[in-house]
Asker: 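One structure, as structure tokens, below. Some questions next.
In each ligand, atom 1 is the first atom listed, and ligand 1 is the first ligand listed. Scope of the values below: all heavy atoms of this structure, side chains included, with no hydrogens, waters or symmetry mates. Here, residue 1 is the first one in the sequence, and each next residue gets the next number.
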Amino acid sequence: MTRSTSIIELKGIGEKSSALFGKLNIFTVGDLLAHYPRDYETFALPVPIADAMPGDTCAIHGMVTGIPNAKKIRNLTILNVNVKDVSGAMQLTFFNMPFLKKTLRPGGYYVFRGLIQSRGASKIMEQPKIYGLDDYRKQCGQLMPKYALTKGLTNQAVQKAVKQALGLCATEEEYYPPSVIEQYDLCSAQEALENLHFPKTFDEMKAARKRLVFDEFFGFLLMLRQNKDMTEELSNDYPMHETSDTVRFLEQLPFPLTKAQKKVWGELKEDLEGSHCMNRLIQGDVGSGKTIVSVLALLMCAANGYQGALMAPTEVLAAQHFETVQGYIREYGLNLKPILLVGSMTAAQKRAAYTMIAAGEANLVIGTHAVIQDKVHFEKLALVVTDEQHRFGVRQREKLAEKGEGHPHVLVMSATPIPRTLAIILYGDLHISVIDELPANRLPIKNCVVNTSYRPKAYSFIEKQVREGHQAYVICPQVEEGEMEDLENVVEYAEKLRAALPADIRIAYLHGKMSAADKNRIMDAFSRHETDILVSTTVIEVGINVPNATVMMVENAERFGLAQLHQLRGRVGRGDAQSYCIFISTNEKKETMERLDILNHSNDGFQIAAQDLKLRGPGDLFGIRQSGDFSFRLGDVYTDANVLQGAAAAVDRLLAEDPGLSMPEHAGLKRHFATAGNSVDFRSI
Ligand code: ADP
Ligand code: MG
């Protein structure tokens, strides 16, 4: 059995369950092994009944008092069992398990583990798992993996399949030189895989995770460093000079550029006029005004007789950029002929667009990655700007070059706060410009972190803002199959909100499972103020600009990384009206509230991410991701910054010693990282 063997070869997996695994993109044994747990459950020692709090999942060790009482309602058998320990008593309820009446002897002691719930003044557990004390003790402290699931597939089924796959797959030979293993204190790849899925201790899991994250970063950086595109300074195939177009545009704008914007615009001009092909990243916090700077560059490009492209990660954002540019053209008479190109357009619309692009009739193409697909031929593509999608443009330089006579200039814009040291590692030789200043008309956003009982107040606050002519966002966690049910769901939430607010307030909703065309329609309506409240998942996270929106309310805020919340918050406070953020936390634990409270004290995205890391317990390693920009499976550029640095140093040393990886001792390594699936999957590309 190898990693490419189909999972159907595993015992217990037939057509039906393999179809379910397929829904999770698990087809081979290798896919299964790479289906890492998203969290772990720990079995702690039993607690006294009096200390078991509703909402906690815990174990108690108690004596069965009296004879279990069974009743039948239609075809459901309900068995109630009373238990007590020295501290108190509680009732357990089992469904359709009549045989337990015989197993659970009155006077017998058992461990029961489950979710503690309150019923009136008393505590109950439904369907707890039952153990003998000794058996339970044996698994205490162990971490049980919890996997992402899909309807019909249980966690236990995944566990069983993974266990089998681990036992059957041949151990992989070590591919790193001993010096790397030693210096970065890495466990073996096999050990890592076993211990990530079934760790005996927390430390074991951490060590396993470290090795796998190191692998991920190493593979990624190795590819990056070997990619000449990323490392070579190319000459300027499309030199430009400044024309009156940009000067006039700047004069006509109703606001002056901030000092930081001016500086960055200066850097862009220098690149475009200079002797080398531009390869630049603009970092600027949300709302710092990156778009206008890129429009200036695109305008300069068009004025020099070339074509430019502006690419965004979503159609919604692309459509919005298109709107913005058209607005500028209407108001300031810019000499630009933009065209929109997105996946959801009809074949005929696309063909028409291709023709205009190929003929050079359109000098600015705005869209998603549809823009750089093979069918699109440019007449003279000289500048590619990508918004909020880090790797998108840069890694595609070679592909882009095929679209014209030379290498187009590349400009990447990002609001993801990342310190310089990491940026240098992740972006190779990309030059970095920073917009570290917000436009002066901005009032700081007012924030509050509250629990769910604050909802009615929040609703009436939103209503008031709507009455004043403003708009609001309400964010709920992702709609995803197999997700916990208690998370607020966008569709239901919108209904609830409609019921809670007067009928004339216009509410729309948006989520990732909708078609691109629907998303565009809804987003357009919101930005034209045809709706007042937009209930959405984080699909609106990046880039959207509706300056009239003044309230951002986030449900289940505890489920988000702070950096992500900061990005969300950036959707408001974009105009000159006072804006507000309401973070609702379902979990009132002190640590959670403290963590969210950081948002009240800082407005600096990177500062926030760093603080978040410091505060979070090691148990929070999973589940919360800070940055969605880099699609590593396991690694997180923030959380694992030091592993990233280690992997970068290791790659650099390796390539300095053996640039082609041709030395025999590096054969295993070369093979391992050349195999598809061992390097990072760039889902975004
Ligand atoms: P981001 O950097 O998050 O992409 P945008 O480019 O969308 O931000 O800009 C946010 C808003 O700020 C837009 O409405 C834009 O017109 C406005 N803006 C940009 N620069 C300035 C400025 N110098 N002064 C005032 N408003 C500005
Ligand atoms: Mg933006």
Side-chain angles (χ1 to χ4, degrees), residues 246 249-266 268 280-299 310-332 334 366 368 385-390 392-393 411-418 432-445 470-471 473 523 526-529 538-550 552 563-577 579 603-606 628-629:
T246 45
F249 181 37
L250 282 172
E251 279 167 6
Q252 285 176 295
L253 269 183
F255 48 75
L257 292 189
T258 61
K259 240 179 26 224
Q261 282 172 315
K262 275 190 200 137
K263 185 192 73 198
V264 172
W265 169 227
L268 296 190
R280 187 170 288 278
L281 165 73
I282 301 183
Q283 272 198 339
D285 215 338
V286 283
S288 60
K290 295 181 288 292
T291 316
I292 194 112
V293 178
S294 73
V295 172
L296 281 165
L298 290 163
L299 183 59
L310 172 57
M311 298 197 286
T314 62
E315 293 202 2
V316 170
L317 198 53
Q320 176 152 40
H321 281 326
F322 186 66
E323 257 314 301
T324 305
V325 170
Q326 282 196 314
Y328 288 148
I329 294 172
R330 276 196 304 271
E331 267 171 65
Y332 312 117
L334 301 189
I366 300 177
T368 50
V385 180
T386 72
D387 191 16
E388 310 284 0
Q389 195 146 12
H390 285 144
F392 199 61
L411 178 63
V412 181
M413 300 193 289
S414 165
T416 303
I418 190 167
I432 303 171
S433 293
V434 184
I435 305 186
D436 50 5
E437 177 185 10
L438 293 181
N441 62 343
R442 303 286 158 75
L443 293 167
I445 298 167
H470 293 300
Q471 290 161 279
Y473 296 99
M523 208 49 237
F526 188 68
S527 54
R528 282 199 301 267
H529 200 171
T538 51
V539 286
I540 63 118
E541 179 183 343
V542 281
I544 290 302
N545 184 36
V546 181
N548 189 46
T550 52
M552 163 67 60
Q564 203 184 6
L565 289 175
H566 178 65
Q567 292 270 323
L568 283 170
R569 161 163 78 180
R571 297 308 111 218
V572 295
R574 300 171 82 82
D576 38 24
S579 289
N603 232 330
D604 172 332
F606 181 67
D629 288 328

Asker: Say whether Pro439, considering both its backbone and side-chain N or O atoms, lies within less than 3.5 Å of an N or O atom on ligand 1.
Answerer: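 Between Pro439 and ligand 1, no N or O pair is found under 3.5 Å apart.
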Asker: So, taking the atom named CG in Leu334 and the one named CD in Gln252, what distance separates them when rounded to the nearest 0.5 Å?
Answerer: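 Reported value, rounded in 0.5 Å steps: 7.5 Å.
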Asker: Taking only residues two or more places apart in sequence, or in another chain, which ones meet Ala577 in a side-chain contact (heavy atoms from CB on, under 4.5 Å)?
Answerer: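 With neighbours one apart ignored, the set is His470, Thr550.
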Asker: Does an N or O anywhere in Gly289 fall below 3.5 Å from an N or O of ligand 1?
Answerer: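 Gly289 vs ligand 1: N/O contact under 3.5 Å present.
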Asker: How about Val293 and Leu268: do any of their side-chain heavy atoms sit closer than 4.5 Å?
Answerer: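 Yes, at least one pair of side-chain atoms sits under 4.5 Å.
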Asker: Is there side-chain contact between Ser433 and Ile435, with at least one heavy-atom pair below 4.5 Å?
Answerer: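 Counting from C-beta outward, Ser433 and Ile435 never come under 4.5 Å.
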Asker: How would you list, by chain and number, every residue that makes a ring-ring contact (aromatic ring centres under 6.0 Å, His included) with Phe249, sequence neighbours excluded?
Answerer: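 Tyr328, Tyr332.
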Asker: Once you round to the nearest 0.5 Å, how far does CG of Leu438 lie from CD of Gln261?
Answerer: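 It comes to 9.5 Å.
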Asker: Does ligand 1 have any atom that is closer than 4.0 Å to a heavy atom of Ser288?
Answerer: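 So Ser288 counts as touching ligand 1.
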Asker: Taking the side chain as everything from C-beta on, heavy atoms only, tell me whether Ser527 gets closer than 4.5 Å to Glu323.
Answerer: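 With C-beta onward as the side chain, the pair stays apart.
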Asker: Heavy atom under 4.0 Å from ligand 1: found in Pro256's side chain, backbone, both, or neither?
Answerer: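 Near ligand 1, Pro256 shows its backbone, while the atoms from C-beta on stay back.
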Asker: Nearest non-hydrogen atom to atom 14 (O) of ligand 1 belongs to which of Ile282, Asn545, Val295?
Answerer: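 Shortest heavy-atom distance from atom 14 (O) of ligand 1: Asn545.
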Asker: Heavy-atom distances under 4.0 Å are what count here, so tell me which part of Leu257 touches ligand 1: side chain, backbone, both or neither.
Answerer: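 Just the backbone.
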Asker: List every atom of ligand 1 that sits less than 4.0 Å from any heavy atom of Thr258, numbering the atoms from 1 in the order shown and giving each element.
Answerer: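 Near Thr258, meaning under 4.0 Å from one of its heavy atoms, ligand 1 has 23 (N).
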Asker: Using a 4.0 Å heavy-atom threshold (strictly under), name the region of Met413 that reaches ligand 1: side chain, backbone, both or neither.
Answerer: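 No part of Met413 is near ligand 1 at this cut-off.
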Asker: May I ask you to list the atoms of ligand 1 that are less than 4.0 angstrom from any heavy atom of Thr291?
Answerer: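 That gives atoms 4 (O), 5 (P), 6 (O), 7 (O) of ligand 1.
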Asker: So, is Tyr328 polar-close to ligand 1, with some N/O to N/O distance under 3.5 Å?
Answerer: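 By distance alone, the answer is no.
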Asker: Just distances here: any N/O of Gly287 and N/O of ligand 1 closer than 3.5 Å?
Answerer: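 Among all N and O atoms of Gly287, at least one is under 3.5 Å from an N or O of ligand 1.
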Asker: Could you check if a side-chain atom of Val325 sits within less than 4.5 angstrom of a side-chain atom of Leu298, using non-hydrogen atoms only?
Answerer: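 Side chain of Val325 against side chain of Leu298, heavy atoms only: no contact under 4.5 Å found.
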